[in-house]
Amino acid sequence: MIPILTTQEIKALEAAADAQGISYLRLMENAGSACAKTIRTRFDKTDKRKVVVLCGKGKNGGDGFVAARKLQENGYDVRVLLTCGSPTAENAQEMFERLTELEIPVDPYDAASDRQHARLQEADILIDAVFGTGFSGVLPESLQELFSFLRTCKGYVVSIDLPSGLSADTNEVESGAVYADLTISVMALKKALVCAPAKDHAGEVEVVSIGVPKELYVSYDKLVTFTRKEIADWFPARDSDANKGSFGKALIVAGSYEMPGAALLASSACVETGAGLVRLAFPECAYAAVTAAVPEKVLLPLKANRFGRISAQNEKRLLDTLSSSTACLIGCGLGVDYDTQALVRAVLQNAKIPLILDADGINAVQNDIDMIREAKAPVILTPHPGEAARLLGCTAQDVQNDREGACRTLCEKTGATVVLKGAGTLVSKDGVHFSMNQTGNPGMATAGSGDVLAGMILGLLCIGLSPLEACIAGAHIHGLAGDTVSEQYSLCGNTPSKMLKVLPKLLSQFE
C-alpha cells in the first residue's frame, strides 16, 4: 500500500521522524542517496555516464546535491548547474559544501551560455532537482525557457520528487513544467503524480523510502494505491478437490434488444475472472445476440416488454434465482423504464447477497437514492462521472472537479462501496479512506469497457474476495488489461473484446 500524501502530511511525517532522532539532514542524505541508487539501477550496466544535475536553492536542490555526489563517487561524470543561485535552505547548504569537496564542476545557470546548452544537449542523464513539494505559483520565464530546452535534449530526464513546475497537491499544470522520463517520488506519492493532466509530466514514477519508520505512516492512509503483490495476496488458493460450486454462482441481469452486447461483455468478464457458474438473465427478444458468444454461461431468458427490455412480470422468477446465487450484477445495457425500475427495486429490497449496480441499474434509482441505503445486502455502485452526477444532482464536471468529494458524498448518501470510474478510478466503502487505481489508459474510454469491469468485480466476489477487495482488484486488473491491449495494438484499437482476450493470462500474475 503506497500512500498519496499532501505537502502538509509530508511535512508532518518529516517532523515526526526528526522527533524520533532521524534528523532533517539525514533525511536529505537518504533521499538523495535513494535517488542516485534508483538512477544507477537503470544505467550502471550501460555506457551512459554524462550527468547534468539542475539544482534549485531549496531542499529539492539539496537532494540533487546528494544525488550528484553519490553518482560521482560511483564513476559518473557529473556537472551541477545552479538554476536559482546559491542554496539558501540550511541543510541544502550543508550538502552543497560536501559536494564541493569532491571538486564536482558547479556553475550558475546562464541562459546565454552556449557552452552550458551544449553540455545539456550532450548529457546522457538530466536530473531535475529544481523545485519539489514546496513549489507553487508560476515558473520564472527563464526557467520556463530552460525546461522547454530540456525537451530538445537527448538525455533521459529524471525529476526528484516532482517534475519542477508542478504543484504537489493539485492536478493542475502551470506553463513550462518539466516533462520527465522518470520521477523518483520521495517517501510517498503526491496527487500531481497520479492525477491527469499533471501526471502526464511525470513519466514513470518510482517511490523511494528515506528511512521514515512505517508506523509513522499509519495516520496517513486516507488516500492510497495498492501494489500488484498486495492485490495478489487477496486471491484465495484453489484447493485440489475444488468444484464449480467452490467458486460461486454469479447472476447477471443485463441486456436489452438495443444493447445485448453489454450482457455478453459482462458475462464473459465474469467467466474469465473465475466464477464457478455464471447465469445471465436477459430479455428473450435478444436471444440470438446473447447466445453469439460465451458458451460457458447459463441462460435465463425472460419475457420482454414492448421496448425489448426485461418485463416486471419476471420478478418472481428473478428473485428465485437470486436466492440461490453468490453475488449479483444488475444494470449493464438494461435500459430504463417502469419495468426495469421495478426490477431493480425488487432486487435491492430482497437481495441477501452482494449486489453490484452498474449503468442502467444506477440510472434506475437516481430519483430514489435512499433505496440503496435501505438494502439488506452489501451494495457496490460503479458510476462513471455522468451517472454519479445524476445521483448527486450536479454536473459531470462538478464530479470531475472534486472526485474525492463526489465519491465521499455517494458513500455517505448510499452506504455503498463506490467505484467512481475514470482516470484514477477511486474506490471507497466509507467515504473516509480511498484507493486510487494507477493502471489503465485513455484507450479504454469506449463503450463496453465498464461492462467488462462490472463483470470482473462480480467474478472476484464469487471466488471469495470481499466487496472492497473485489472493487480495488477489479479496477487494477481491468486497467492492466487495457494497458496490455494498447501496447499490443494502439489506443484507438483498444476494445473491450480485446481486453477480454488478454485477461486470462494477466490473471496468472495474481494466482
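FYI, side chains are in, hydrogens and waters are out, and symmetry mates aren't considered; it's all heavy atoms of this structure. Model, not experiment: these values are computed from the prediction.
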For the residue pair V173 and A198, what are the closest heavy atoms and their distance? CG2-CA, 3.5 Å
If only side-chain N and O atoms count, and only distance matters, is there a donor-acceptor pair under 3.5 Å linking N401 with D398? no
Within the distance-only criterion (no hydrogens, no angle test), does the side chain of S490 pair as donor or acceptor with the backbone N or O of S486 below 3.5 angstrom? no
Just verifying a value: how many Å separate L381 CG and L357 CG, rounded to the nearest 0.5 Å? 5.5 Å
Short side-chain to backbone donor-acceptor contact, K376 and Q349, under 3.5 Å: yes
Can you tell me which residue among T7, T6, D161 is in a side-chain hydrogen bond (donor to acceptor under 3.5 Å, both in side chains) with K190? D161
Sequence-distant partners of E487, side-chain hydrogen bond (donor to acceptor under 3.5 Å, both in side chains), two or more places apart: none
Any donor-acceptor pair under 3.5 Å linking the side chain of N171 with the backbone of K191? no
Counting only heavy atoms not in Y257 (residues, nucleotides, ligands), do more than 12 fall under 6.0 Å from its OH? no
Is any side-chain heavy atom of P378 closer than 4.5 Å to a side-chain heavy atom of T417? no
For the CG atom of N437 and the OG1 atom of T225, what is their distance to the nearest 0.5 Å? 6.5 Å
Closest contact, heavy atoms only, L322 versus C328: CD1-CB, 3.7 Å
Can you list, pair by pair, the side-chain donor-acceptor contacts under 3.5 Å of residues 365-373, counting residues two or more places apart and other chains?
residue	atom	partner	partner atom	Å
R373	NE	K413	O	3.4
R373	NH2	E412	O	2.1

Hey, can you pull the donor-acceptor pairs under 3.5 Å for the side chains in residues 293-306, sequence neighbours left out?
residue	atom	partner	partner atom	Å
K297	NZ	V290	O	2.9
K297	NZ	A293	O	2.4
K297	NZ	V294	O	3.1
N305	OD1	F307	N	2.9
N305	OD1	G308	N	3.2
N305	OD1	R309	N	3.0
N305	ND2	D337	OD2	2.9
N305	ND2	D339	OD2	3.0

Using the rule given for side chain to side chain contact (heavy atoms under 4.5 Å, CB included), can you reason through I4 versus V224, listing the C-alpha separation, both sets of side-chain angles and the distance that settles it, and then say yes or no? CA-CA 5 Å; I4 303 169; V224 302; 5.8 Å; no
Calculate, to the nearest 0.5 Å, the distance between atoms CD1 and OG1 belonging to I380 and T414 respectively. 11.5 Å
Kindly compute the distance separating CD1 (I477) from CD1 (I231), expressed to the nearest 0.5 Å. 6.5 Å
Honestly, is K222 close enough over F434, meaning NZ or CZ under 6.0 Å from the six-membered ring centre and within 45° of the axis? no
Any donor-acceptor pair under 3.5 Å from D402 side chain to G405 backbone: yes
Determine yes or no for a side-chain-to-main-chain donor-acceptor pair under 3.5 angstrom, with D430 supplying the side chain and H433 the backbone. yes
With side chain to side chain contact (heavy atoms under 4.5 Å, CB included) as the test, would you mind laying out the steps for V419 and T425 before giving the verdict? CA-CA 7 Å; V419 181; T425 291; 3.6 Å; yes
Keeping K429 on the side-chain end and A416 on the backbone end, is there a donor-acceptor pair under 3.5 Å? no
Qualifying side-chain hydrogen bond (donor to acceptor under 3.5 Å, both in side chains) pairs, either residue in residues 449-461, two or more places apart: S449-H478
D239 side-chain N/O to D241 backbone N/O, donor-acceptor pair under 3.5 Å: no
List the steps and the verdict of side chain to side chain contact (heavy atoms under 4.5 Å, CB included) for M436 and C195. CA-CA 9 Å; M436 181 180 287; C195 296; 3.8 Å; yes
Candidate list D128, V130, T183, L166, test side chain to side chain contact (heavy atoms under 4.5 Å, CB included), partner V178, passing option: D128
For residues C462 and A250, report the shortest heavy-atom separation together with the two atoms involved. SG-CB, 3.6 Å
Treating S185 as the side-chain partner and E206 as the backbone partner, does any N or O pair qualify as donor plus acceptor under 3.5 Å? no
Between R42 and E204, does any side-chain N to carboxylate O distance fall below 4.0 Å? yes
Measure across L460 and A470 and return the closest heavy-atom pair with its distance rounded to 0.1 Å. CD1-O, 3.5 Å
Pairing of K59 and D63 as salt bridge, 4.0 angstrom limit: no
For a 4.5 angstrom cut-off between non-hydrogen side-chain atoms, does T326 reach I353? no
Side-chain donor/acceptor of S167 to backbone N/O of T170, under 3.5 Å: no
Just verifying a value: how many Å separate M187 CE and N30 CG, rounded to the nearest 0.5 Å? 11.0 Å
Mind listing the closest non-hydrogen atom pair of L329 and A266 along with its distance? CD2-CB, 4.0 Å
Taking all atoms of both residues into account, what is the closest heavy-atom pair of L162 and A192, and its distance? CD2-CB, 4.1 Å
Of all pairs that satisfy salt bridge (Lys or Arg N to Asp or Glu O under 4.0 Å), the ones with a partner from residues 414-425, not counting sequence neighbours: D358-K421
Residues L319, E315; criterion side chain to side chain contact (heavy atoms under 4.5 Å, CB included); working and verdict: CA-CA 6 Å; L319 293 181; E315 180 178 320; 3.8 Å; yes
Taking the side chain as C-beta and beyond, is there a heavy-atom pair between P3 and L189 under 4.5 Å? no
Without swapping roles, check the side chain of S268 against the backbone of L265 for a donor-acceptor pair under 3.5 Å. no
How long is the gap from CD1 on I310 to CG on L318, to the nearest 0.5 Å? 7.0 Å
Contacts table for residues 270-283: side-chain donor-acceptor under 3.5 angstrom, sequence neighbours left out:
residue	atom	partner	partner atom	Å
T273	OG1	A269	O	2.5
R279	NH2	S324	O	3.2
R279	NH2	S324	OG	3.2
R279	NH2	S325	OG	3.0

